[in-house]
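See structure below.
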Amino acid sequence: MIAHEVLIIGAGLAGMRAAIAAHDAGADVALVSKVHPVRSHTCCAQGGINAALGDDDSWEAHLFDTVKGSDYLGDQDAIEVMCKAAPGDIRALEHMGCPFSRFENGRIAQRPFGGAGFPRTAYAADISGFVLLHTMYEQVLRRGIRLYQEWYVTRLVLDDGVARGVVAIDLLTGKLHAMAAKAVVIATGPASRIYQSSSNSVDCTGDGMGMAYRAGLPLMDMEFVQFHPTGLRNGVLITEGCRGEGGILLNSDGERFMKRYAPTKGELASRDVVSRAEATEIAEGRGIDGFIMLDLRPIGPERIRTNLLQVRELSMDIAGVDPCEAPIPIRPTPHYFMGGVRAGVDGRSPVAEGAYFAGEVSCISVHGANRLGGNSLLDAVVFGRRSGEAAAAHAAAHEQLPLPESAVRDQEAEIAELAGRDGDGERQATIREELQKLMFAKVGIWREKGALAEAVDEVRALKERYARVRLGHAGAVFNTELPQVLETGNLLDLAECVAMGALDREESRGSHARTDFPERDDEVWMKHSLFTRGDDGPVCDTAPVTITRYEPEVRTY
Amino acid sequence: MPAADDPGVPPVTAALAIRRYDPELGDEARWQRYEIEMPAGSTVLEALMYVQEHVDGSLAFRRSCRHAICGSCGMRINGCARLACNTQLTAVVAEAERRAARRSAAATSGDDDAALAGAAVRIEPLGNMPVIRDLVTDMTVFWEKLRSVQPWLQSLDDRADADGERLMTPHQYAVIAQGLLCVECGACYSDCIAVEAAPEFVGPTSLVKAYRYAYDVRDDQAHRRLHDLAGEHGMWECTHCYVCTQRCPKHLRVRELIGRLSELAQVEGLCSDAAVKRSQAFVAGIEQSGRVDERTLAEKAGAVRGGVSAALPAPVSEMLRGGAREPISDVDLVRRVAGRLRGPGSTGAEGAP
Ligand SMILES: Cc1cc2nc3c(=O)[nH]c(=O)nc-3n(C[C@H](O)[C@H](O)[C@H](O)COP(=O)(O)OP(=O)(O)OC[C@H]3O[C@@H](n4cnc5c(N)ncnc54)[C@H](O)[C@@H]3O)c2cc1C
Ligand code: SF4
Ligand code: SF4
Ligand code: FES
């Protein structure tokens with residue numbers, strides 16, 4: 001059996017930052033990832049990472065902006081930990097070699113981002129997440145940290161409420177392995193693939209949330225999903241910079257409709273406002289085949305070719321449209337999961353000893369109901385580091401407890417049963433595609449009781465169909481079908497929580513907009529929602545929000 | 001066909017000929033044909049995902065981000081290594097049609113394999129690495145080579161200002177900016193003629209990474225880095241064929257970056273024997289045939305023991321190498337020019353690339 005003191009599941013920004021921290025604290029660490037580390041979803045992040053580095057800025061200001069951005073649902077103690085740590089953590093990344101863009105005086109450059117009172121976002125051109133990810137990988141190489149890459153983790157094993165390790169499939173051979181550890185850090189990233197045309201990588205299937213949920217750990221604030229206003233047909237993002245440069249949004253009448261929704265800011269209003277406006281236009285029949293047109297022609301071909309080179313390439317490569325000649329069809333795209341597995345400021349699960357969560361899989365609740373751009377990479381870095389340190393400390397203080405042998409046997413039996421089903425069942429893709437459409441249509445930007453209730457029922461019906469799903473390929477060597485089937489199982493569980501959370505929360509807050517409850521309701525809903533697995537679907541509960549400094553106020557920009 | 005997002009535009013029909021291989025079946029690699037119809041604007045990756053999810057679950061390939069940033073989906077399409085996710089299906093269908101038209105105009109018999117008949121878009125795994133299954137290659141050696149250039153910042157003197165920041169001007173950032181863009185997809189490496197001839201050659205991707213660190217002002221180990229890469233299997237084994245630059249889906253000027261690395265090595269006095277031999281071969285080749293021949297170049301430069309001609313497959317595809325080479329009509333003129341340039345007493349070293 002494979003055994004390490006600390007096992008890190010996921011080699012994105014949070015996972016690798018955790019691995020480095022745990023290694024540097026003296027633990028024997030291994031990283032397990034279903035893709036090669038540099039293929040992880042973090043590479044998609046373009047904009048940057050927040051920290052109060054500037055002389056006129058302060059962590060307190062960063063804290064305030066984040067609390068307000070969260071629509072007061074973020075836990076203020078956790079946000080304080082993050083904002084205080086940010087400058088030191090960013091400088092540590094710089095020392096590891098991360099190439100940040102620079103000001104003329106040689107210091108790390110910062111750009112303004114939505115919802116921030118100060119240009120606080122450090123970046124590297126438009127490849128910020130990409131360079132962070134590569135820097136982390138290179139530091140992992142430097143330390144010789146053991147990597148199990150292209151290993152798909154299927155379950156988190158708990159016994160007596162203590163994490164014992166995981167079970168994983170080595171995709172190269174198809175073999176199942178038990179991996180024992182004194183502490184397990186799960187950093188498996190987002191779950192936005194429950195929606196169609198999400199901006200997330202194809203791999204963002206919420207596996208870690210699914211694993212934790214099946215192991216009995218609570219998920220938190222799952223109904224909060226952020227939509228980005230300008231995604232291409234397949235969800236690939238077109239940066240906000242386009243609108244900054246003078247690009248305009250048009251409906252099917254050729255009207256610049258944003259003037260109606262945000263008379264002063266127009267196209268440059270905040271993300272949720274623009275996304276909601278687009279969704280309204282499309283819903284009221286003023287879209288073009290379900291899309292809004294982003295017209296960059298007012299910017300002029302010259303400037304498009306110099307300043308928006310990447311955008312032009314993406315648009316031509318993916319949509320087949322040259323923005324110098326025609327408008328780009330775009331629509332709001334599911335982008336970021338504020339919710340996740342409930343964890344404390346060291347990533348520690350409040351219910352399972354030895355289990356830690358960091359990055360987008362977790363809900364330490366620094367983003368509350370709406371995250372600010374640039375805060376999620378920071379979340380991954382700060383809480384990745386902290387959970388790595390905490391896991392190493394835990395490992396140093398505890399003995400390895402046995403990993404029940406049944407864990408691998410059970411998994412083997414499950415896969416054998418799946419592989420043995422008769423040949424005429426559905427494959428996962430049909431079920432997943434239906435799920436994604438349904439979530440997009442009924443648990444999307446605008447939400448309303450009737451549609452949400454239907455969505456819950458429909459997700460349950462899909463779960464029943466999934467129970468008979470057929471495996472499209474049974475080979476052992478690099479079988480990509482098997483993980484896809486397991487991923488879809490995760491998506492279904494998580495979608496059910498999202499839909500139920502959205503149905504329960506009868507208010508509008510942050511990214512959660514109910515047409516039937518348009519106001520924020522602090523009396524009843526100033527609280528986190530919790531989801532624990534029950535016999536038939538999630539059991540919902542709530543938990544208080546930690547308020548240390550700022551009492552809720554009306555959120556206006 | 002998957003549901004069209006854009007029903008107004010006619011769909012793309014395509015025949016994909018995909019190179020299949022499954023070690024568990026114990027067979028040789030073979031071509032398999034899939035006739036598909038995809039919505040307008042689809043990429044090759046979307047077509048492959050459609051096939052895998054709805055037509056044939058056994059098809060294996062890697063993918064993740066869908067927008068040319070994770071580097072997963074490198075594969076050879078119509079003979080050239082590319083990223084499937086930033087390649088439009090219509091573009092490669094048009095390529096395949098042109099190729100079919102050329103073939104029928106030249107009345108060549110074409111391929112006997114029915115899967116390849118007509119204007120089939122050919123999709124194969126990356127070259128210069130073993131195949132695990134279908135389009136999934138074993139990149140172990142590729143990653144090891146990348147690691148061999150020690151791709152992490154090394155600085156004995158961790159100069160930082162009062163706040164703990166190490167300074168770097170925008171200009172100094174700009175110097176390495178292009179090197180930062182490499183997504184490590186292996187497209188250049190797949191089609192690199194020097195790797196093909198000499199499998200130990202460190203390859204273009206690692207050299208780009210080395211460039212990024214050697215030119216980073218915060219790193220003070222450039223000399224040692226260059227020293228390591230000026231030895232056997234290092235930068236001097238590059239044959240200047242420029243295939244890497246042509247292939248790079250991120251538009252990196254890969255060969256130019258390698259050239260800048262070599263310049264720095266020359267400045268540091270790190271021109272190896274191999275480099276000199278290579279330069280001599282370069283000039284000799286030109287004098288002989290009137291043009292640069294990358295294959296004999298690799299051989300003469302000592303890149304391959306055992307002879308390159310044995311190591312190389314017969315002229316790969318026309319597409320891959322940019323067409324068969326016509327002989328130069330006036331070789332004498334070229335020789336005279338070369339003689340002039342060389343002048344008396346010159347070593348024949350080639351100028352900066
Ligand atoms: C297009 C886009 C742009 C963005 N831009 C910004 C930005 O500018 N600023 C910002 O702050 N945030 C941004 N974000 C959000 C940010 O990128 C993510 O929140 C962050 O990168 C998440 O990092 P992570 O380490 O948690 O997860 P990931 O990077 O997703 O890593 C997850 C890891 O887990 C592994 N894994 C998953 N499941 C399994 C399994 N079953 N078995 C084994 N391994 C598994 C994966 O292989 C991967 O290595 C952006 C997001 C998107 C989609
Ligand atoms: S120029 Fe050099 S590195 Fe690039 S493909 Fe040719 S031989 Fe390889
Ligand atoms: S240089 Fe270009 S082709 Fe080569 S690995 Fe990097 S991105 Fe890919
Ligand atoms: S899928 Fe990421 S580069 Fe193609």
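Only a predicted model underlies this, so the values are computations on that prediction, with no experimental measurement involved. Every chain is numbered from 1, with letters handed out A, B, ... down the list of sequences.
Pairing each heavy atom of B/Val183 with each of A/Phe130, the nearest pair is CG1-CE1, 3.7 Å. Between B/Glu165 and A/Ile108 the shortest heavy-atom distance is OE1-N, 2.9 Å. Here the closest heavy-atom approach between residue B/Pro151 and residue A/Leu141 is recorded as CG-CD1, 4.1 Å. Residues B/Arg63 and A/Val202 come closest through the heavy atom pair NH2-CG1, 3.2 Å.
Between the SG atom in B/Cys182 and the NE2 atom in A/His134 there is a gap of 7.5 Å [rounded to 0.5 Å]. Note that the NE2 atom of B/His67 and the OG atom of A/Ser199 stand 8.5 Å from one another [nearest 0.5 Å]. Between the CE atom of A/Met96 and the CG atom of B/Leu153 there is a distance of 11.5 Å, given to the nearest 0.5 Å. Atom OG1 of A/Thr480 is separated from atom CZ of B/Arg62 by 11.0 Å, given to the nearest 0.5 angstrom. Distance check, rounded to the nearest 0.5 Å: CD of B/Glu184 to SG of A/Cys43 gives 11.0 Å. Rounding to the nearest 0.5 Å places SG of B/Cys85 at 8.5 Å from CG of A/Asp317.
Interface residue A/Ser198: only backbone heavy atoms are found under 4.5 Å from chain B. Heavy-atom distances place both the backbone and the side chain of B/Arg66 under 4.5 Å from chain A. The contact between A/Phe103 and chain B is made entirely by backbone atoms, counting heavy-atom distances below 4.5 Å. Within the 4.5 angstrom heavy-atom criterion, only backbone atoms of B/Val55 (N, CA, C, O) approach chain A. Contacts between B/Arg133 and chain A at a heavy-atom distance below 4.5 Å involve the side chain alone, from C-beta outward. B/Leu181 touches chain A through backbone and side chain together, each having a heavy atom under 4.5 Å away. No part of A/Arg143 comes within reach of chain B, as not one of its non-hydrogen atoms sits under 4.5 angstrom from that chain. In this structure, the portion of B/Pro23 lying under 4.5 Å from any heavy atom of chain A is its side chain and not its backbone. Contact annotation for B/Asp56: only backbone heavy atoms (N, CA, C, O) come within less than 4.5 Å of a heavy atom of chain A. For A/Arg427, the part lying under 4.5 angstrom from a heavy atom of chain B is the side chain only. For a residue to count as touching a neighbouring chain, one of its non-hydrogen atoms must lie under 4.5 Å from one of that chain's; by this rule A/Cys98 touches chain B with the backbone only.
Interface check for chain B: of the options A/Ala124, A/Ala319, A/Gly106, A/Ala429, the most heavy-atom pairs under 4.5 Å are formed by A/Gly106. Contacts with chain B were tallied for A/Glu481, A/Arg107, A/Arg432; A/Arg107 has the most, counting heavy-atom pairs under 4.5 Å. Chosen from A/Pro99, A/Ala474, A/Gly472, A/Gly320, the residue pairing most often with chain B at heavy-atom distances under 4.5 Å is A/Pro99. Taking chain B as the reference chain and counting heavy-atom pairs below 4.5 Å, the highest number among A/Glu104, A/Gln149, A/Met316, A/His41 is found for A/Glu104. The most heavy-atom pairs under 4.5 Å with chain A, out of B/Gln150, B/His171, B/Glu24, come from B/Glu24.
Between B/Glu46 and A/Arg233 there is a salt bridge, with a side-chain nitrogen of the basic residue lying less than 4.0 Å from a carboxylate oxygen of the acidic one. Between A/Glu94 and B/Arg166 there is a salt bridge, since at least one side-chain N of the basic residue sits less than 4.0 Å from a carboxylate O of the acidic one.
Under the 30°/60° scheme for interplanar angles, the aromatic rings of A/His36 and B/Trp143 are found to lie parallel.
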Pair A/Gln428-B/Glu53, side chain to side chain donor-acceptor pair (under 3.5 Å): steps then yes or no | CA-CA 8 Å; A/Gln428 65 81 23; B/Glu53 294 202 317; 3.2 Å; yes

Apply side chain to side chain donor-acceptor pair (under 3.5 Å) to the pair A/Glu138 and B/Tyr213, showing each step before the final yes or no.
-> CA-CA 12 Å; A/Glu138 292 164 1; B/Tyr213 278 105; 2.4 Å; yes

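Within the 4.5 Å cutoff, the side chain of A/Val477 has no heavy atoms near those of the B/Val136 side chain. Proximity of B/Thr169 to A/Arg102: side-chain heavy atoms (C-beta onward) are nowhere separated by under 4.5 Å. In this structure the side chain of A/Ser101 reaches within 4.5 angstrom of the side chain of B/Tyr173, judged on heavy atoms.
The environment of A/Arg111 atom CZ is dense: over 12 non-hydrogen atoms of other residues, nucleotides or ligands sit within 6.0 angstrom.
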